[in-house]
Amino acid sequence: MKNIFLKRCRKRTNFAKLFAKAIIPVVLITAVFSALLLWAVEFLIYRSAHEQFMDARANLQDAISGIDVSDQNADLIINSLEHNMSKLGYNIYARERYISDSYHSPNGVAFFVLFDEDGNIVVSSRERLWCLVKLDAEKKYIVSCDMDIPETEELYKELKKECGVENVTCNDIKSLYINTKELKMIPHEMNVAYYRQNGNRVSVKESKELTINTDMEGYELIEIKSNAWSSKNEPYPRASLIHFTGTDRELFESLLEKYKDKINMSAAYFSSENIDMFTSEDYSVDGVKMGDKKYCLISVFRIDGWTKPIRIQYFSVLALFFAAAAFIAALLCWKKNVFNRSMYAFEDYQRDLTNSLAHDLKTPLMAIGGYAENLLDGMLTDEEKTKYLNSIMNSVKYTDKIILDTLELNTLESRSGAKKEKFNLRELAEKSFEKYAPVFDENGIQLSFDGDCEVCADKTAVERIIENLVSNAVKYTEKGGSIKVAAGKKRISVTNTVGKKLDVSKIKQPFVKGDSSRSGMNGNGLGLAIADKTASHIGGKLSVSCSESEFTAELKL
């Protein structure tokens with residue numbers, strides 16, 4: 001019994017409490033999802049980086065193997081190879097995939113270097129300043145400027161200044177030193193400009209004139225007449241700085257020191273290691289041939305995937321997942337709360353019904369007990385005995401009526417819909433009032449009908465509703481009062497006069513009477529409750545209202 005009592009008296013909850021509990025597993029699930037997503041992002045980044053590395057490695061090997069050292073343009077081809085290496089050293093790649101590049105991430109770097117059999121560097125991805133020079137219509141060179149000689153130190157600092165080379169441009173080159181044999185150059189007079197990009201608009205923040213003087217052997221000073229991309233009518237020589245690219249010289253030196261002992265002219269192997277989370281380093285040592293000579297190509301690809309775009313995308317997906325999970329949890333909590341509220345309402349209804357039933361049964365039972373005690377005394381006349389026995393029978397009938405009405409109220413939900421049929425609402429109401437004709441004559445109550453209506457519905461259920469409305473009107477209409485019945489447009493209303501305005505807010509609840517009185521046995525307060533529940537069961541609606549002098553109950557089908 002104790003367990004049953006505790007079960008029935010369990011603590012009630014609401015939506016806020018349900019959601020507060022539900023958000024805990026949502027957080028845990030999101031945490032698990034974040035770990036899985038982090039692993040997936042890391043895996044995809046590494047796989048993409050590895051694919052790019054293998055492509056770059058294969059392309060360089062093909063380019064080296066395809067060089068014909070006997071070709072008179074072999075030096076130009078080798079220089080072009082170095083130019084491509086330099087670009088690969090800048091782009092760890094590809095920015096459209098939001099993986100990384102050497103200027104978006106301090107941990108990202110690409111390193112390529114080709115050694116000859118003596119261990120000398122033939123070409124590499126070391127950062128350089130590249131320039132297109134056209135001495136005349138026939139002589140066109142892509143030349144580079146080494147950035148680790150004393151003469152270019154100031155230029156190097158300017159190019160690395162502020163936001164890095166992405167926001168720096170070299171233009172208006174006026175003169176330069178050129179070594180056409182080694183395909184090298186050193187700027188003489190030039191302009192370095194810093195710019196700010198806002199969407200598609202580019203504005204120059206600052207510009208600076210630089211002059212570099214040198215007397216290095218093999219270099220010739222030439223004055224630039226026009227831009228390399230100028231039209232045919234512009235004078236020569238022409239020159240334009242292409243870009244500043246390549247592996248950062250400090251990183252280049254550290255990686256060179258790390259991998260130079262792996263030089264092997266015939267071996268070919270690949271390896272990979274994880275330096276840190278989201279930072280992996282792939283490297284390969286490949287023996288290649290250029291003509292008859294053997295060379296060793298060492299390629300290193302260090303990728304850092306935890307860049308700003310990746311972080312934005314990662315946390316955006318995580319936030320969307322959490323929001324979706326929280327929304328689903330909120331929907332489930334709302335559904336559970338709706339169910340709980342209906343369950344609580346039903347529990348309250350059952351409790352109120354039981355309390356009201358006990359209260360209403362108490363009056364006739366007390367009367368029966370009192371009359372029985374008087375009969376047991378044996379001091380009554382035959383007339384008094386008959387009177388007491390009749391009162392006991394009336395109380396028993398009243399008690400039986402309450403029990404039967406309560407049972408009917410509780411069994412309405414389990415009844416299935418009956419077959420619909422056509423019938424006349426007014427005729428049904430007239431038939432219900434016929435049995436109360438003596439009461440009208442005795443109490444001087446006037447009865448009137450207005451309108452007519454034919455409906456198709458559950459006739460038995462509608463008859464039960466009208467019977468309860470009629471019974472309620474007859475019971476509570478004072479002497480000399482009136483009852484009006486109006487039918488039309490799938491509705492019927494019963495209006496009776498009252499002595500005062502009644503509170504109808506709870507009058508359709510079981511055992512609630514208009515005057516809130518529980519004394520006497522004029523009515524048990526179940527009539528309107530049964531009528532309302534029956535109306536809902538057949539898809540109708542019962543509404544009640546009360547003014548200072550009239551009470552109206554209307555059924556809409």
Check: [Y] and [X] side chains under 4.5 Å, non-hydrogen atoms:
X: Leu469; Y: Leu542; value: yes
X: Val26; Y: Ile328; value: no
X: Phe433; Y: Phe440; value: yes
X: Leu447; Y: Tyr436; value: no
X: Tyr476; Y: Leu502; value: no
X: Val485; Y: Arg426; value: no
X: Lys459; Y: Leu428; value: yes
X: Leu18; Y: Asn340; value: yes

Task: Gln446, CD: over 12 other non-hydrogen atoms inside 6.0 angstrom - done: no

Task: Asn59 atom CG: more than 12 heavy-atom contacts under 6.0 Å - done: yes

With distance as the sole test, does [X] use its side chain to make a donor-acceptor pair with the main-chain N or O of [Y] at under 3.5 Å?
X: Asn337; Y: Cys333; value: no
X: Ser471; Y: Asn468; value: no
X: Asn443; Y: Ile445; value: no
X: Thr247; Y: Ala110; value: yes
X: Tyr314; Y: Ser34; value: yes
X: Thr552; Y: Ser545; value: no

Would you name the heavy atoms of [X] and [Y] that are closest together and state the gap between them?
X: Cys453; Y: Lys490; answer: SG-N, 3.2 Å
X: Phe423; Y: Asp458; answer: CE2-C, 4.3 Å
X: Ala429; Y: Ile492; answer: CB-CD1, 3.8 Å
X: Ala535; Y: Leu555; answer: CB-CD1, 3.8 Å
X: Gly481; Y: Thr497; answer: CA-OG1, 3.3 Å
X: Phe551; Y: Cys546; answer: CD1-CB, 4.0 Å

Roughly how far, to the nearest 0.5 Å, is the [atom2] atom of [Y] from the [atom1] atom of [X]?
X: Phe315; Y: Leu320; atom1: CZ; atom2: CG; value: 13.5 Å
X: Glu550; Y: Asn496; atom1: CD; atom2: CG; value: 8.5 Å
X: Lys489; Y: Lys556; atom1: NZ; atom2: NZ; value: 12.0 Å
X: Lys501; Y: Ser549; atom1: NZ; atom2: OG; value: 11.0 Å
X: Lys500; Y: Glu478; atom1: NZ; atom2: CD; value: 10.0 Å
X: Asp450; Y: Thr495; atom1: CG; atom2: OG1; value: 10.5 Å

TODO: Please determine if Glu427 and Lys431 form a salt bridge, counting it only when a charged side-chain N lies under 4.0 Å from a carboxylate O.
DONE: no

Task: Mutual orientation of the aromatic rings belonging to Phe321 and Phe33 [parallel < 30°, tilted 30-60°, perpendicular > 60°] - done: parallel

